Amino acid sequence: MKIATYNVNGISARLPVLLRWLQETAPDVVCLQELKAPQEKFPEQALQEAGYDAIWHGQKSWNGVAILSKVGKPEEIQKGLPGNDEDDQSRYLEARVNGIIIGCLYLPNGNPAPGPKFDYKLRWMEHFAQHAAMLIASQEPVVLTGDYNVIPTELDAYKPERWVEDALFRPETRAAFQELLAQGWTDAIRHLHPTETIYTYFDYFRNAFGRNAGLRIDHFLLSPTVSAKLKAAGVDRDARSWEKTSDHAPVWIELADG
DNA sequence: ATGTCCGCGCGACGCGGA
(Lines give C-alpha, C1' and ligand atoms only; values in the text may rest on other atoms or scores of the structure.)
Protein backbone atom coordinates (compact mmCIF):
# COMPACT_ATOMS: atom_id res chain seq x y z
CA MET A 1 0.00 0.00 0.00
CA LYS A 2 1.29 3.42 -0.98
CA ILE A 3 0.51 6.40 1.27
CA ALA A 4 1.40 9.96 0.30
CA THR A 5 1.31 13.44 1.81
CA TYR A 6 1.08 16.66 -0.18
CA ASN A 7 0.86 20.26 0.97
CA VAL A 8 -1.01 21.66 -2.06
CA ASN A 9 -0.95 25.36 -1.08
CA GLY A 10 -4.53 26.00 -2.16
CA ILE A 11 -6.59 23.10 -3.53
CA SER A 12 -8.60 25.29 -5.92
CA ALA A 13 -5.54 26.71 -7.64
CA ARG A 14 -3.81 23.33 -7.49
CA LEU A 15 -6.54 21.02 -8.75
CA PRO A 16 -5.06 20.38 -12.24
CA VAL A 17 -1.64 19.59 -10.75
CA LEU A 18 -3.19 17.42 -8.02
CA LEU A 19 -5.23 15.41 -10.54
CA ARG A 20 -2.20 14.92 -12.79
CA TRP A 21 -0.10 13.73 -9.87
CA LEU A 22 -2.82 11.30 -8.70
CA GLN A 23 -3.13 9.94 -12.22
CA GLU A 24 0.62 9.48 -12.67
CA THR A 25 1.55 8.05 -9.26
CA ALA A 26 -1.71 6.39 -8.11
CA PRO A 27 -1.20 6.45 -4.32
CA ASP A 28 -3.76 4.43 -2.33
CA VAL A 29 -4.11 7.00 0.45
CA VAL A 30 -3.28 10.73 0.33
CA CYS A 31 -3.10 13.33 3.08
CA LEU A 32 -3.49 16.91 1.87
CA GLN A 33 -2.66 20.12 3.71
CA GLU A 34 -3.23 23.83 3.14
CA LEU A 35 -6.52 23.40 1.30
CA LYS A 36 -7.14 27.16 1.76
CA ALA A 37 -10.80 26.52 1.01
CA PRO A 38 -14.00 26.52 3.05
CA GLN A 39 -15.74 23.19 3.64
CA GLU A 40 -18.19 23.67 0.75
CA LYS A 41 -15.50 24.49 -1.84
CA PHE A 42 -13.68 21.15 -1.62
CA PRO A 43 -13.58 19.50 -5.11
CA GLU A 44 -15.25 16.30 -3.94
CA GLN A 45 -16.68 15.38 -7.34
CA ALA A 46 -13.45 15.84 -9.30
CA LEU A 47 -11.61 13.63 -6.84
CA GLN A 48 -14.41 11.05 -6.91
CA GLU A 49 -14.12 10.92 -10.69
CA ALA A 50 -10.37 10.39 -10.25
CA GLY A 51 -11.19 7.35 -8.10
CA TYR A 52 -10.79 8.78 -4.59
CA ASP A 53 -13.18 8.95 -1.67
CA ALA A 54 -12.40 11.83 0.64
CA ILE A 55 -13.02 13.40 4.01
CA TRP A 56 -11.83 16.91 4.75
CA HIS A 57 -11.77 19.69 7.29
CA GLY A 58 -11.87 23.00 5.45
CA GLN A 59 -11.48 26.58 6.59
CA LYS A 60 -11.93 29.87 4.79
CA SER A 61 -8.65 31.39 3.53
CA TRP A 62 -6.13 29.27 5.41
CA ASN A 63 -5.17 25.83 6.68
CA GLY A 64 -7.43 22.88 5.87
CA VAL A 65 -6.60 19.15 5.70
CA ALA A 66 -8.04 16.17 3.82
CA ILE A 67 -7.64 12.40 3.57
CA LEU A 68 -8.20 10.69 0.21
CA SER A 69 -8.45 6.97 -0.40
CA LYS A 70 -9.08 4.59 -3.25
CA VAL A 71 -9.09 1.56 -0.94
CA GLY A 72 -12.36 2.32 0.85
CA LYS A 73 -13.80 5.53 2.22
CA PRO A 74 -11.84 6.92 5.17
CA GLU A 75 -13.74 6.35 8.42
CA GLU A 76 -13.35 9.62 10.28
CA ILE A 77 -12.10 9.30 13.85
CA GLN A 78 -11.82 12.96 14.65
CA LYS A 79 -11.33 16.52 13.49
CA GLY A 80 -8.84 18.54 15.50
CA LEU A 81 -6.64 17.34 18.34
CA PRO A 82 -8.42 16.05 21.45
CA GLY A 83 -8.15 18.42 24.39
CA ASN A 84 -7.54 21.34 22.06
CA ASP A 85 -11.13 22.51 21.64
CA GLU A 86 -10.24 26.20 21.80
CA ASP A 87 -8.13 25.82 18.62
CA ASP A 88 -10.26 27.04 15.69
CA GLN A 89 -7.68 26.28 12.97
CA SER A 90 -8.23 23.26 10.71
CA ARG A 91 -4.95 21.44 11.17
CA TYR A 92 -5.67 17.83 12.11
CA LEU A 93 -7.85 15.08 10.70
CA GLU A 94 -7.73 11.41 11.63
CA ALA A 95 -9.33 8.39 10.01
CA ARG A 96 -9.10 4.65 9.78
CA VAL A 97 -8.26 3.50 6.26
CA ASN A 98 -7.67 -0.13 5.34
CA GLY A 99 -7.08 -1.02 8.99
CA ILE A 100 -4.52 1.73 9.62
CA ILE A 101 -5.10 4.89 11.64
CA ILE A 102 -4.05 7.83 9.47
CA GLY A 103 -3.38 11.19 11.17
CA CYS A 104 -3.11 14.08 8.70
CA LEU A 105 -1.55 17.22 10.16
CA TYR A 106 -0.62 20.74 9.23
CA LEU A 107 1.57 21.91 12.07
CA PRO A 108 1.72 25.71 12.60
CA ASN A 109 4.57 27.53 10.88
CA GLY A 110 5.33 29.61 13.97
CA ASN A 111 7.05 32.60 12.38
CA PRO A 112 7.93 35.21 13.36
CA ALA A 113 9.77 33.76 16.33
CA PRO A 114 9.81 34.50 19.14
CA GLY A 115 6.25 35.77 19.47
CA PRO A 116 2.62 34.66 19.82
CA LYS A 117 2.69 32.58 16.62
CA PHE A 118 5.73 30.68 17.87
CA ASP A 119 4.03 30.17 21.25
CA TYR A 120 1.01 28.78 19.41
CA LYS A 121 3.26 26.39 17.45
CA LEU A 122 4.88 25.04 20.62
CA ARG A 123 1.51 24.65 22.35
CA TRP A 124 0.17 22.81 19.29
CA MET A 125 3.19 20.50 19.35
CA GLU A 126 2.52 19.74 23.02
CA HIS A 127 -1.10 18.79 22.29
CA PHE A 128 0.03 16.73 19.32
CA ALA A 129 2.66 14.90 21.40
CA GLN A 130 0.05 14.05 24.03
CA HIS A 131 -2.22 12.58 21.36
CA ALA A 132 0.67 10.73 19.71
CA ALA A 133 1.60 9.18 23.07
CA MET A 134 -1.94 7.88 23.42
CA LEU A 135 -1.79 6.41 19.90
CA ILE A 136 1.53 4.66 20.58
CA ALA A 137 0.13 3.23 23.81
CA SER A 138 -2.90 1.86 21.94
CA GLN A 139 -0.58 -0.43 19.91
CA GLU A 140 -2.72 0.24 16.85
CA PRO A 141 -1.00 0.61 13.46
CA VAL A 142 -0.65 4.39 13.03
CA VAL A 143 0.77 6.75 10.41
CA LEU A 144 1.12 10.42 11.37
CA THR A 145 1.93 12.41 8.25
CA GLY A 146 1.78 15.90 6.86
CA ASP A 147 3.52 19.25 6.88
CA TYR A 148 5.25 19.32 10.27
CA ASN A 149 6.96 22.68 9.62
CA VAL A 150 9.96 21.19 11.44
CA ILE A 151 13.50 20.88 10.04
CA PRO A 152 14.67 17.95 12.19
CA THR A 153 18.46 18.23 11.74
CA GLU A 154 21.13 20.17 9.86
CA LEU A 155 21.01 17.51 7.16
CA ASP A 156 17.49 18.66 6.37
CA ALA A 157 18.20 22.24 5.26
CA TYR A 158 20.15 23.61 2.31
CA LYS A 159 21.95 26.18 4.46
CA PRO A 160 21.11 25.31 8.06
CA GLU A 161 23.00 28.33 9.44
CA ARG A 162 20.40 30.56 7.79
CA TRP A 163 17.56 28.87 9.68
CA VAL A 164 18.79 28.85 13.27
CA GLU A 165 16.51 31.76 14.27
CA ASP A 166 13.56 30.47 12.23
CA ALA A 167 10.54 28.83 13.88
CA LEU A 168 11.09 25.71 11.74
CA PHE A 169 14.58 25.10 13.13
CA ARG A 170 14.83 26.81 16.52
CA PRO A 171 16.13 24.62 19.35
CA GLU A 172 12.69 24.42 21.02
CA THR A 173 11.13 23.16 17.78
CA ARG A 174 13.80 20.56 17.15
CA ALA A 175 13.70 19.41 20.77
CA ALA A 176 9.92 18.97 20.63
CA PHE A 177 10.24 16.88 17.47
CA GLN A 178 12.96 14.70 19.01
CA GLU A 179 10.82 14.16 22.12
CA LEU A 180 7.99 13.05 19.84
CA LEU A 181 10.24 10.56 18.03
CA ALA A 182 11.45 9.26 21.39
CA GLN A 183 7.93 7.97 22.11
CA GLY A 184 8.75 5.23 19.62
CA TRP A 185 7.93 6.73 16.20
CA THR A 186 10.03 6.07 13.10
CA ASP A 187 10.82 8.93 10.71
CA ALA A 188 10.28 6.86 7.55
CA ILE A 189 12.34 8.88 5.08
CA ARG A 190 15.33 9.19 7.42
CA HIS A 191 15.07 5.56 8.50
CA LEU A 192 15.52 4.31 4.93
CA HIS A 193 17.86 7.13 3.80
CA PRO A 194 19.96 7.96 6.87
CA THR A 195 22.56 10.22 5.23
CA GLU A 196 20.98 11.33 1.97
CA THR A 197 20.08 14.95 1.25
CA ILE A 198 16.30 14.88 0.79
CA TYR A 199 14.07 17.95 0.57
CA THR A 200 10.29 18.24 0.39
CA TYR A 201 9.85 22.01 0.20
CA PHE A 202 11.40 24.68 -2.02
CA ASP A 203 10.22 28.27 -1.69
CA TYR A 204 9.01 30.16 -4.75
CA PHE A 205 11.81 32.74 -4.51
CA ARG A 206 15.14 32.83 -6.25
CA ASN A 207 14.68 29.63 -8.22
CA ALA A 208 14.99 27.59 -5.03
CA PHE A 209 13.96 24.34 -6.71
CA GLY A 210 16.38 24.82 -9.61
CA ARG A 211 19.19 25.34 -7.10
CA ASN A 212 18.02 22.46 -4.89
CA ALA A 213 17.80 25.00 -2.05
CA GLY A 214 15.21 23.13 -0.04
CA LEU A 215 14.05 21.90 3.35
CA ARG A 216 12.78 18.55 4.60
CA ILE A 217 9.67 19.49 6.58
CA ASP A 218 7.00 17.00 5.39
CA HIS A 219 7.34 13.81 7.39
CA PHE A 220 5.96 10.31 7.94
CA LEU A 221 6.00 9.08 11.53
CA LEU A 222 5.24 5.38 11.79
CA SER A 223 4.21 3.33 14.80
CA PRO A 224 6.27 0.15 15.38
CA THR A 225 3.99 -2.32 13.61
CA VAL A 226 3.74 -0.05 10.56
CA SER A 227 7.47 0.61 10.55
CA ALA A 228 8.06 -3.14 10.35
CA LYS A 229 6.21 -3.14 7.01
CA LEU A 230 8.07 -0.19 5.50
CA LYS A 231 9.46 -1.12 2.08
CA ALA A 232 10.30 2.22 0.43
CA ALA A 233 9.94 5.98 0.86
CA GLY A 234 10.65 8.96 -1.35
CA VAL A 235 9.78 12.38 -2.71
CA ASP A 236 8.01 13.04 -6.03
CA ARG A 237 10.37 15.84 -7.02
CA ASP A 238 9.06 15.86 -10.57
CA ALA A 239 5.73 17.36 -9.47
CA ARG A 240 7.58 20.33 -7.98
CA SER A 241 8.84 21.22 -11.49
CA TRP A 242 5.39 21.47 -13.09
CA GLU A 243 3.66 24.71 -14.08
CA LYS A 244 1.44 26.28 -11.41
CA THR A 245 2.73 23.82 -8.82
CA SER A 246 2.89 23.92 -5.02
CA ASP A 247 5.98 24.99 -3.11
CA HIS A 248 5.95 21.50 -1.53
CA ALA A 249 6.65 18.23 -3.32
CA PRO A 250 4.58 15.12 -2.52
CA VAL A 251 6.19 12.58 -0.18
CA TRP A 252 5.25 8.88 -0.08
CA ILE A 253 5.86 5.57 1.63
CA GLU A 254 5.24 2.02 0.43
CA LEU A 255 4.11 -0.60 2.96
CA ALA A 256 4.15 -4.37 2.56
CA ASP A 257 0.69 -5.94 2.33
CA GLY A 258 -0.81 -7.91 5.19
C1' DA B 1 17.23 41.84 2.76
C1' DT B 2 15.46 40.02 -1.31
C1' DG B 3 11.93 37.25 -3.63
C1' DT B 4 6.70 34.54 -5.22
C1' DC B 5 2.33 32.53 -4.88
C1' DC B 6 -2.46 31.99 -2.85
C1' DG B 7 -6.92 33.73 -1.12
C1' DC B 8 -9.44 37.71 0.23
C1' DG B 9 -12.25 41.83 -0.46
C1' DC B 10 -13.04 43.95 -3.64
C1' DG B 11 -14.75 45.62 -8.26
C1' DA B 12 -7.76 47.39 -8.88
C1' DC B 13 -4.37 45.84 -6.71
C1' DG B 14 -2.70 45.71 -1.91
C1' DC B 15 -2.44 42.77 2.19
C1' DG B 16 -1.75 38.82 5.31
C1' DG B 17 0.33 34.40 5.49
C1' DA B 18 3.78 31.36 4.25
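Naming convention: chains lettered A, B, ... in sequence-line order (proteins, then strands); numbering from 1 in each chain. A quick note: this is a predicted structure, and the numbers were derived from the prediction, not measured.
Rounded to an integer number of Å, the gap from A:H248 NE2 to B:dA18 C1' is 8 Å. A:Y120 has its OH atom 13 Å from the C1' atom of B:dG17, to the nearest Å. In this entry the distance linking CG of A:L107 with C1' of B:dA18 reads 14 Å, nearest Å. Counting to the nearest Å, the C1' atom of B:dT4 and the CG atom of A:D203 are 8 Å from each other. Going from atom CD of A:Q33 over to atom P of B:dC6 covers 17 Å, rounded to whole Å. We find that CG of A:N63 is positioned 11 Å from C1' of B:dA18, with the value rounded to whole Å. What separates CG of A:N7 from C1' of B:dG17 is a distance of 12 Å, to the nearest Å. One atom, CG of A:N149, and another, P of B:dA18, lie 8 Å apart when rounded to the nearest Å.
With B:dT2, B:dC6, B:dA18 as the choices, the nucleotide that has an atom nearest any side-chain atom of A:K117 turns out to be B:dA18. In the set B:dG3, B:dA18, B:dC6, the nucleotide with an atom closest to the side chain of A:E34 is B:dA18. Listed candidates were B:dG7, B:dA18, B:dC6. Nearest to the side chain of A:S12 is B:dG7. Listed nucleotides B:dA18, B:dT2, B:dG7 differ in distance to A:R206; the shortest reach to its side chain belongs to B:dT2. For A:K36, the listed nucleotide lying nearest its side chain is B:dC6; candidates were B:dA18, B:dC6, B:dC8. Of the candidate nucleotides B:dG3, B:dC6, B:dG7, B:dC6 has the atom nearest to the side chain of A:K244. Comparing atom distances between the A:W62 side chain and each of B:dG7, B:dT4, B:dG17 picks out B:dG17 as nearest.
Residue A:K60 places at least one side-chain N or O under 4.0 Å from the OP1 or OP2 atom of B:dG9. A:R14 has a side-chain polar atom (N or O) that falls below the 4.0 Å cut-off from OP1 or OP2 of B:dC6.
The environment of CD in A:E243 is sparse: at most 12 heavy-atom neighbours from other residues, nucleotides or ligands sit within 6.0 Å.
Residues A:M125 and A:L107 approach most closely at CG-CD2, 3.7 Å, considering heavy atoms.
Separation of the A:H127 and A:Y92 ring centroids does not fall under the 6.0 Å cut-off.
Figure legend: cation-pi geometry between A:R240 and A:F202 absent, as NZ or CZ is not positioned both under 6.0 Å from the six-membered ring centre and within 45° of its axis.
Salt-bridge annotation for A:D156 and A:R190: present, with a side-chain N of the basic residue lying under 4.0 Å from a carboxylate O of the acidic one.
Only the C1' atoms considered, B:dG3 is 15 Å distant from B:dG17, to the nearest whole Å. The P atoms of B:dT2 and B:dC13 are separated by 23 Å, rounded to the nearest whole Å.
If you find the closest nucleotide of DNA chain B to A:N111 and to A:I11, the one lying nearer the 5' end belongs to A:I11. Mapped onto DNA chain B by nearest heavy atom, A:Q59 and A:Y201 fall at different nucleotides, with A:Q59 at the one closer to the 5' end.
The residue A:S246 sits apart from the nucleic acid: no heavy atom pair falls under 4.0 Å.
Note: A:F42 and A:W56 have parallel aromatic rings, judged against thresholds of 30 and 60 degrees for the angle between ring planes.
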